[in-house]
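Encoded as structure tokens, the structure appears first; notes follow it.
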Amino acid sequence: MGLLDRAGARLTAHPEEAEILVVNTCSFIDTAKQESVDTILEMARHKTGGRARKLIVAGCLVERYRDEIQKNIPEVDAVVGTGELEAILEAAGLAPTPAPAAPSPFNILSSAAEVRSGRESQAGTHKTSLSAHDRSGTTLLQNQNSPKGRQEGDHRERAGRFRRDAWTGASHLLPTYLYDETTPRLLSTPRASAYIKIAEGCDHPCTFCVIPNLRGKFRSRRFESVVAEAEALVARGVREITLIGQDTTCYGEDFGMKDGLATLLDSLARIPDLRWLRFLYAYPNRITGKLLETIARHDNICKYLDLPLQHASPDVLKRMKRGAGAEIFLKTLHKVRAAVPNIALRTSFIVGFPGESLRDFEVLEEFIQEAKFDWLGVFNYSHEEGSAAYALDAQVPQRSIESRRKRLMKLQQSISRESKQDWVGRELTLLAEGESAETPLLWEGRTQFHAPEIDGKVYINDCGTLENLEAGRFYRAEITEAHDYDLVARIVAPED
Ligand code: SF4
């Protein structure tokens, strides 16, 4: 969106008004593919009966079904994979940003300093340097991949982890793209909140997952680039930053850093005016003492940990090529809770992985009962061509998968209902987000224990002595009611 905006396009959220339609897609599981295809078809109708001149499909579906999309949906004018972001300009018929005559790897340093000193990129300022930064960024990253850095991605590549042979028509080139702090961005999140992607790709061998085949080998963004981007966002009014990546806890390993995420959090937490900082998608065996100590030490690092565990039965986890099991996980959770008291824990599980017996499922159920997560998601196993699990037999029938999912969600509902009662009477900092989508009589907000978009909501039904609330501002609030997942709060006073 930033690239298009800088090249002169103006964004609209109303497809009927648009001349160029861009569908950004996902394709890691069946339901995501279906949603992507449905959206493309829906947008294609605007092309035949509306203003739209061009339909562009971008993202992961392109990495997987590049040829098929163009063959089967003739309304699609262009496809743009995850590794060729700048091709969106040509696809949209806009002039690509020209590269400078003599690209220098040192441009990236002066540009980072510019952003740091508050002279944020104005439209056009970096017009001629984007391609150079990308090129020099790549060079720099390769240099950072010193022999000290881990070579896991290369080993996995030799073992066939990233192969796309099972996908007819997919390009065999893995994406290597990484954006940097000079890449223009338009935020689609509410003003006070932003995501920063700190790494791309994944080297883990999880057998159910095709994300590494789609996204490529793990590669971290430069440390200084992430810090510069965070500083620039805060200077623009962002108060909450959420770090993401396929596996945030591996951050920096590819250029030889130990405890890279902890070091990064430590630096980012020192940015004045950054109120909340959190990261998502931690890998269980990467939760180090230093990481926990860093979370505990900084007031502005949210006491929140998203730790997708996928299962708890050691047999299933072994076949998933993730290892560990309920006993080890309980020890990890104990360590986390001891180091960071009152931390909110989120996880997600997959039910119906091939060979998951009733006993395996019960192990998972017992684990959930004991672990008492604050937030929990359950996904049905999706049988994905190109994943290692695709070759496994002993498929679990769809009906059993669905009933297992429902059983776990019901269990979590009762755990959540009980634990949410403990929140009543607590005074907390609340980020007001705006009127509730359900009724204009209520506002919605979040505490540090709620990540954007995924966790329960806090409804505000009493503004206290204030006439109005302001979206994107922090308030002191008292929790007055608790429901299964959601809470109700009363505003006590505004905070700075
Ligand atoms: S760590 Fe996550 S993204 Fe990486 S292979 Fe496993 S499930 Fe997929």
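As the structure lists them, so they are numbered: ligands from 1, and atoms in each ligand from 1. Heavy-atom basis, side chains included; hydrogens, waters and symmetry copies ignored.
Contacts of F208 with ligand 1, taken as heavy-atom pairs under 4.0 Å, involve the side chain alone.
Atoms of ligand 1 found under 4.0 Å from any heavy atom of R161 (numbered from 1 in listed order, with element): 5 (S).
In this structure E384 satisfies the side chain to side chain contact (heavy atoms under 4.5 Å, CB included) test together with I29, D30, K33, R64, V210, S382, S387, sequence neighbours excluded. Among residues two or more places apart in sequence or in another chain, the salt bridge (charged side-chain N to carboxylate O under 4.0 Å, His left out) test is passed with R346 by D455.
What you find for L431 and E240 is that their closest heavy atoms are CD2-OE1, 3.9 Å.
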With a cut-off of 3.5 Å and sequence neighbours excluded, list every side-chain donor-acceptor pair involving residues 320-327.
from : atom 1 : to   : atom 2 : distance (Å)
R322 : NH2    : P308 : O      : 3.1

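Within the 4.0 Å heavy-atom cutoff, R322 counts among the residues contacting ligand 1.
Taking the ring axis of Y179 as reference, the NZ or CZ atom of R221 stays within 45° of it and closer than 6.0 Å to the ring centre.
Listed by chain and residue number, the protein N/O/S atoms under 2.8 Å of atom 4 (Fe) of ligand 1 are C202 SG, with waters left out.
A centroid separation of less than 6.0 Å is found between the aromatic rings of F353 and Y381.
Under the 30°/60° scheme for interplanar angles, the aromatic rings of H450 and W375 are found to be tilted.
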